[in-house]
Amino acid sequence: MRFEEALKLYELELFELGERANKIRREYHGNKVFYNRNRHINPTNICVDRCLFCGFSAHRKNPNPYTMSIDEIVQTAIGAKERGAKEVHIVGAHNKSLGLEWYFDMFKAVKEAAPDIHLKAMTAAEVEFLARTYKKSFDYILDRMIESGVDSMPGGGAEIFDESLRRTICGGKVKSADWLTIHELWHKRGRKSNASMLFGHTESRGHRVDHLLRLRSLQEKTNGFNALIPLLYQTKNNFLKIDRALDAEEILKTVAISRIILDNVPHIKAYWVGLTPNLAIVAQEFGADDMDGTIERESINSAAGAQSAAGVSEKSLRDLIANAGFVPIERDSMYNEAL
Ligand code: V47
């Protein structure tokens, strides 16, 4: 799909666009809406980077630095598993005081304590941060992750790929080309990952389309992405000055266009944390097929104003999905349906 053609999709009337996206969604997944039972763990918020949109990292707008010990992380994972979680999603800030081996020791300890839990960990931004800080190749870091039990990679750190905008809003972190290279190298190892796009801040529609097209090209090469998560920017406690949050029409158009441009990626996740559960369920009619999971505890979006700190119960997720006329399907991290 060419850039101009993709950008023109925004000019379509919302319901026409929704219908086009919904057709692709229904061909893939019929009436199913997926969710999983998971736990987010964010080991530290102490960060060398200053991304303007971030309310999570410790700085003067969030003066509460913390770092969890490996034991605390392991206990959290065990507790989550006992409550039924099938996945832990471990991502954190870029904290130089932990040391390289800390990450691999932590992954090994989690896997040893909960061998059957799926370990989704390390954004490409963290991989690049470790490679740069400890003068290692991306290949080295990825191989060590696999060796220590990481199963799949989450989609964080992608933000928006346009180089000029990226320099302004998150100049210190992984470059767009490196984000894509890291996922390509991961996919070459036969592993799956997610992709994300942070939208609703200072980017234009063109920046979003460019972002999605770059993901589409990589997917054509590797077929390694499971899902795209269009992450709605949360406006509080950060250094971007956004007068007006996006309206629901623009949000739903962006979800629908994500589905249409990325028709080679099987899943579009309407992340309830950022969208609110209500808009996330509406987004299921506009191309999305997944709500994400129970989460239990969420620190990144909630630090920037989302009402998600305590997760959501499985029952309320299932009820929400069923009441909207969809079939709730519990999935594992690779989208196999729970038996
Ligand atoms: O990369 C930071 C984003 C991401 C804000 O792979 C913000 O399944 C909104 O990537 N408003 C981390 N977003 C979260 C993430 C994710 C979440 C759920 C599932 C998966 C997955 C991945 O959070 C960061 C950044 O883009 N973020 N600040 C903010 N103010």
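We count ligands from 1, going down the list as the structure has it; atoms in each ligand are counted the same way.
Atoms of ligand 1 lying under 4.0 Å from any heavy atom of I229, numbered from 1 in the order shown and given with element: 6 (O), 8 (O), 20 (C), 21 (C). Atoms of ligand 1 found under 4.0 Å from any heavy atom of G156 (numbered from 1 in listed order, with element): 1 (O), 10 (O). Taking every non-hydrogen atom of K120 and a distance limit under 4.0 Å, the qualifying atoms of ligand 1 come out as 6 (O), 8 (O), 21 (C). Every atom of ligand 1 with a heavy atom of N194 under 4.0 Å away is listed here by number and element: 6 (O), 8 (O), 21 (C). Close contacts between ligand 1 and P154 involve ligand atoms 6 (O) [criterion: under 4.0 Å to a heavy atom]. Shown in contact with Q234 at under 4.0 Å from a heavy atom are these atoms of ligand 1, numbered in order with element: 9 (C), 11 (N), 29 (C), 30 (N). Shown in contact with G157 at under 4.0 Å from a heavy atom are these atoms of ligand 1, numbered in order with element: 1 (O).
At least one N/O-N/O distance between E159 and ligand 1 falls below 3.5 Å. Not a single N or O atom of H40, backbone or side chain, sits closer than 3.5 Å to an N or O atom of ligand 1. Ligand 1 has no nitrogen or oxygen under 3.5 angstrom from a nitrogen or oxygen of G55. For a threshold of 3.5 Å applied to N or O pairs, the pair formed by Y271 and ligand 1 contains no separation below that value. Taking only nitrogen or oxygen atoms, main chain and side chain alike, Y233 does not reach within less than 3.5 Å of ligand 1. No N or O atom of I300 sits closer than 3.5 Å to an N or O atom of ligand 1.
At least one test fails for K136 against the ring of Y134: distance under 6.0 Å to the centre or angle within 45° of the axis. Taking the ring centre of F239 as origin, the terminal cationic atom of K61 falls inside the region bounded by 6.0 Å and 45° from the ring axis.
Assignment of K236 to the shell around ligand 1 is not supported, since no heavy atom sits closer than 4.0 Å.
At the top of the distance list for atom 7 (C) of ligand 1, counting protein heavy atoms only, stands L198 CD1, 3.7 Å. Nearest non-hydrogen protein atom to atom 20 (C) of ligand 1 is H89 CE1, 3.4 Å. Given atom 6 (O) of ligand 1, the protein heavy atom at minimum distance is G155 N, 2.8 Å. Of the protein's heavy atoms, F53 O, 2.8 Å lies nearest to atom 30 (N) of ligand 1. When only non-hydrogen protein atoms are considered, atom 15 (C) of ligand 1 lies nearest to L231 CD1, 3.9 Å.
The cluster map of Ile, Leu, Val, Met, Phe, Trp and Tyr, joined by side-chain heavy atoms under 4.5 Å apart, puts Y28 and L215 in the same cluster. F286 and V327 are members of different hydrophobic clusters when ILVMFWY side chains are connected at heavy-atom separations under 4.5 Å. Hydrophobic clustering, with ILVMFWY side chains joined whenever heavy atoms are under 4.5 angstrom apart, groups I24 together with F225.
Note: F129 and H94 have parallel aromatic rings, judged against thresholds of 30 and 60 degrees for the angle between ring planes. Ring geometry for H183 against H187 counts as perpendicular: the plane angle is over 60°, on a 0 to 90° scale with 30° as the lower cut. The aromatic rings of H211 and F161 lie parallel to each other, with less than 30° between the two planes, well short of the 60° mark. Note: H201 and F53 have tilted aromatic rings, judged against thresholds of 30 and 60 degrees for the angle between ring planes.
The distance from the CH2 atom of W179 to the OG1 atom of T123 is 9.5 Å, given to the nearest 0.5 Å.
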Requested in this report: Would you check, one step at a time, whether the test side chain to side chain donor-acceptor pair (under 3.5 Å) holds for N95 with S97?
Outcome: CA-CA 6 Å; N95 182 342; S97 66; 2.7 Å; yes
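The proximity of D292 to ligand 1, defined as any non-hydrogen pair under 4.0 Å, is limited to the side chain. Of all the heavy atoms of L232, the ones lying under 4.0 Å from any atom of ligand 1 belong exclusively to the backbone.
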